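First listed ligand is number 1; within each ligand, the first listed atom is number 1. Remember, predicted model here, so these are calculated numbers, not experimental data. In what follows, residues are counted from 1 in the order of the sequence shown.
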Amino acid sequence: MKEWMGKIRTLSLFSLMVLLLSACGKENLTTFIPKGYGAEESLKVITISTIVMAVVFIVVMVIFIYVVWKFRQKKGEENVIPKQVEGNKTLEIVWTVIPILLLIIIAVPTILVTYDLADQSEIDDSITINVTGKQFWWHFEYANEEIQTSQDLYIPVGEKVYLKMLSSDVVHSFWVPALSGKMDVNPDNENTMYIQAHEEGVYWGKCAEFCGDSHSLMDFKIIAVSKEEYAQWVEDLQNVNKDVQPETTTAQEGQAIFEQSCIGCHAIDNTPSAGPNLSNFGDRTTIAGVLEHNEEELVEWIMDPNSKKPGNGMLGAPYLQNKGEITQDDAEKIAEYLMQLKPSEITPNSAQ
Ligand code: CUA
């Protein structure tokens, strides 16, 4: 008996923790404070469905409890059978019509919003970005602007931005809760969605489809800036140039090592690359989407990326060390070099 009580206690405590911790998270990573069109419309549908379901639940439970209490077996009335109502036409009509009405209340806004969010009529006149999901990071190609970036996606506030999404390996799902719903990112068929931010800010995104060891670390950001800042950012990024000389000697040495080894997978200009594009690495606020943005973390990442993000595709130092190419000292130089890759002056407004 005691053991049983203990289990119940553990289970209750666990449930309570789940409930409490479910509210923990990063800024601008919630469906309940929408900052974009898709998220707002989705929240309306969620609210309508929840209210309808709650009303149904409460009414059914009240009737259930009333019936159980009213028709319970009473002393001396063991053989009494209450009045039977099966086949009652009025009742049958009532409990058929009510669910139909409730389903209509849920279906109409859901279908309207679904078609609205799938609308692509403005795609030719809008900014269109090719998004590629990879284990475990995101590549962004601004096709018309001829810009390649990764992890941080800059967009202008108030404008519809279309995303054409494909995966280069397994199925991922693109999800920025504060801006819009999820969209699967498949290896074969391209999915398209649009996002539109109402306010400037940094919005966190998550991969929402289990895709391997580091699925939960496949974070990214959407950075919404004013239209003027966006135009400036595009110009800055179009002009990133790998011939720019770093200021310090250490960074120059880092650049030389980078251009011998790392450049095989990474790019620091607008050429396509197998690994993440690092042209604006210094402007970012996280390393690999999840680590703190400082040189110490970056050195640790270069030396042993697998311990920070298991199963990721970065060969990193273990491979290069075997070839005698990268030492701890080299990693420090590379880190200093990467941190000063700041092509843009635009600082995101990280308002709530
Ligand atoms: Cu990509 Cu989960």
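Screening Thr192, Asn186, Thr132, Val185 against Met165 for a side-chain contact (heavy atoms from CB on, under 4.5 Å) leaves a single residue, Val185.
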Take Gln340 and Glu336, measure what side-chain contact (heavy atoms from CB on, under 4.5 Å) needs, and give me the verdict at the end. CA-CA 7 Å; Gln340 52 84 57; Glu336 187 168 324; 5.7 Å; no

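In this structure, Asp184 and Ser173 have side chains that are in contact, with non-hydrogen atoms separated by less than 4.5 Å.
The minimum distance between atom 2 (Cu) of ligand 1 and any N, O or S atom of Glu209 involves atom O. Note on His215: its N/O/S atom closest to atom 2 (Cu) of ligand 1 is ND1.
Counting non-hydrogen atoms of other residues, nucleotides and ligands closer than 6.0 Å to NZ of Lys160 gives a total above 12.
Residue His172: no N/O/S atom is found under 2.8 Å from atom 2 (Cu) of ligand 1. Between atom 1 (Cu) of ligand 1 and Gln135 there is no N/O/S contact shorter than 2.8 Å.
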